[in-house]
Amino acid sequence: MSHRFDADPRAADSAAVKRRQQGVWASGDFSVVASRIVFQAEHLCETADVQAGWRVLDVATGSGNAAIAAARRGCEAVGVDFVPALLERGRIRAAAEHLDVKFLEGDAEDLPFPDASFDAVLSIYGVMFAPDHHRAAAESARVCRPGGRIALASWTPDGFIGDTFRIFSHHLPAAPALQPPILWGDEGHLDSLFGHVAASITSQRRTAVFRFRTVEENLDFFRTYYGPTLRAFESLDPSGRESLRDDLLALARRYDRNGGGESVAITGDYLETVIVRA
């Protein structure tokens, strides 16, 4: 005898959110942006002290920054993401450096790997954008072996990127009620996600620097290549775009540590975290 069950509307909503997110990250060309944040991936691998011979997973790898950084250190590296075009960019990058990295299509909230199958799980400004924070954290913990490391770089709520997303929220229609991605840059939030599976959690606030000739060049760069910024402008009428542009330029000037010199150095704070799996 068969039984019919109605679909869970929350699952349908989650699937719709992920489709929208996938479209956002597939727009522009995030691999160009990723080339500006390679240093943080290299630094995270050193902070996590990844060892040659380890099996390492990079969750929401994009074009492969953390996976490639791990492969450079003699690790068996795997990168997973839900944007096929970015995975292909990662394959091209790895091939150019003669590195053996596997790039697989997959969901940060449903990782296609057995339990405890990696010595380290990394994510550079990636897993923080998963809609369900607890599920994404649980998946990263599940595939990490006991004693292994989960290492994260997450933009902070009170930094340049956090303020950028706040500006978006002021100009754009209300989005679905999701937890803000930048909560991953808060130590208390990470403790709520990982505390029950962690032997230890160690975090350090660090600063990324975006260097351009002018704040206008910075904005045009992100408007061209960074999906969230590109889509924000696309969703507005001409007057709305002008207002958003003015606010983002003012924000960049505020975070420019050069103070309006010959070029700009825009500081973006992030939280670098290493979790030892219990």
Inset, instruction - Using the six-membered ring of Phe221, assess whether NZ or CZ of Arg36 lies under 6.0 Å from its centre and within 45 degrees of the ring axis. - result: yes

Legend entry - Test salt bridge (charged side-chain N to carboxylate O under 4.0 Å, His left out) applied to Glu216 - qualifying residues, sequence neighbours left out: Arg253

Legend entry - Expected output: side-chain Ser35 to main-chain Val32 donor-acceptor under 3.5 Å: yes

Legend entry - Where at least one partner belongs to residues 219-231, residue pairs that pass side chain to side chain donor-acceptor pair (under 3.5 Å), sequence neighbours excluded: Asp220-Arg245

Inset, instruction - Answer whether the closest heavy-atom distance between the side chains of Val127 and Leu152 falls below 4.5 Å. - result: yes

Inset, instruction - Could you point out which residue of Pro180, Pro181, Pro157, Pro228 forms a side chain to side chain contact (heavy atoms under 4.5 Å, CB included) with Phe165? - result: Pro228

Inset, instruction - Give a yes-or-no answer on whether the side chains of Trp184 and His133 include a donor-acceptor pair shorter than 3.5 Å. - result: yes

Inset, instruction - Please report the shortest heavy-atom distance between Trp155 and Gly268, naming the atom on each side. - result: CZ3-O, 3.6 Å

Inset, instruction - Kindly say whether Arg213 contributes a backbone atom to a donor-acceptor pair with the side chain of Glu217 at under 3.5 angstrom? - result: yes

Inset, instruction - Take Glu46 and Arg73 through the test salt bridge (Lys or Arg N to Asp or Glu O under 4.0 Å) and record every step on the way to the result. - result: CA-CA 9 Å; Glu46 290 304 311; Arg73 288 158 176 80; 2.6 Å; yes

Inset, instruction - Please list all pairs passing the ring pair (Phe, Tyr, Trp, His ring centres under 6.0 Å) test where one or both residues lie in residues 254-278, with sequence neighbours left out. - result: Tyr125-Tyr270, Phe160-Tyr255

Legend entry - Among Asp269, Thr156, Thr267, the one residue meeting side-chain hydrogen bond (donor to acceptor under 3.5 Å, both in side chains) with Thr207: Asp269

Inset, instruction - Could you tell me whether the side chain of Gln51 reaches within less than 4.5 Å of the side chain of Asp49, counting heavy atoms only? - result: yes

Legend entry - Side-chain touch Leu271/Leu190, heavy atoms, less than 4.5 angstrom: yes

Legend entry - Those residues that, when tested against Glu272, pass side chain to side chain donor-acceptor pair (under 3.5 Å) (two or more places apart): His43, Thr47, Arg206

Inset, instruction - Answer yes or no: is there a donor N or O on one side and an acceptor on the other, between the side chain of Asn258 and the main chain of Gly260, under 3.5 Å? - result: no

Legend entry - Closest non-hydrogen atom pair between Ala60 and Asp81, with its separation: C-OD2, 3.2 Å

Inset, instruction - Please determine, by modelled atom types, if Ser63 and Ser31 share a side-chain donor-acceptor pair under 3.5 angstrom. - result: no

Inset, instruction - State, without any angle test, whether Asn218 and Arg211 hold a side-chain donor-acceptor pair at a distance under 3.5 Å. - result: no

Legend entry - Enclosure of Asp100 CG (heavy-atom neighbours >12, cutoff 6.0 Å): no

Inset, instruction - Please list all pairs passing the salt bridge (charged side-chain N to carboxylate O under 4.0 Å, His left out) test where one or both residues lie in residues 126-139, with sequence neighbours left out. - result: Glu139-Arg142

Inset, instruction - Determine, for Phe82 and Arg19, whether the Lys NZ or Arg CZ falls below 6.0 Å from the six-membered ring centre while staying within 45 degrees of the axis. - result: no

Legend entry - Neighbour count >12 (heavy atoms, 6.0 Å) for atom CD, Glu262: no

Inset, instruction - Evaluate whether atom CZ of Arg89 has more than 12 neighbouring non-hydrogen atoms of other residues, nucleotides or ligands under 6.0 angstrom away. - result: no

Inset, instruction - Check whether any side-chain heavy atom of Ile275 sits under 4.5 Å from a side-chain heavy atom of Ser200, and report yes or no. - result: no

Inset, instruction - For Gln21, enumerate each residue passing the side chain to side chain donor-acceptor pair (under 3.5 Å) test, keeping only those at least two apart in sequence or located in another chain. - result: none

Inset, instruction - Could you tell me whether Lys102 atom NZ has more than 12 heavy atoms of other residues or ligands within 6.0 Å of it? - result: no

Legend entry - Step-by-step side chain to side chain contact (heavy atoms under 4.5 Å, CB included) determination, Val78 to Phe118: CA-CA 10 Å; Val78 180; Phe118 292 93; 4.0 Å; yes

Legend entry - Validation row: Arg149, Asp119 side chains within 4.5 angstrom (heavy atoms): no

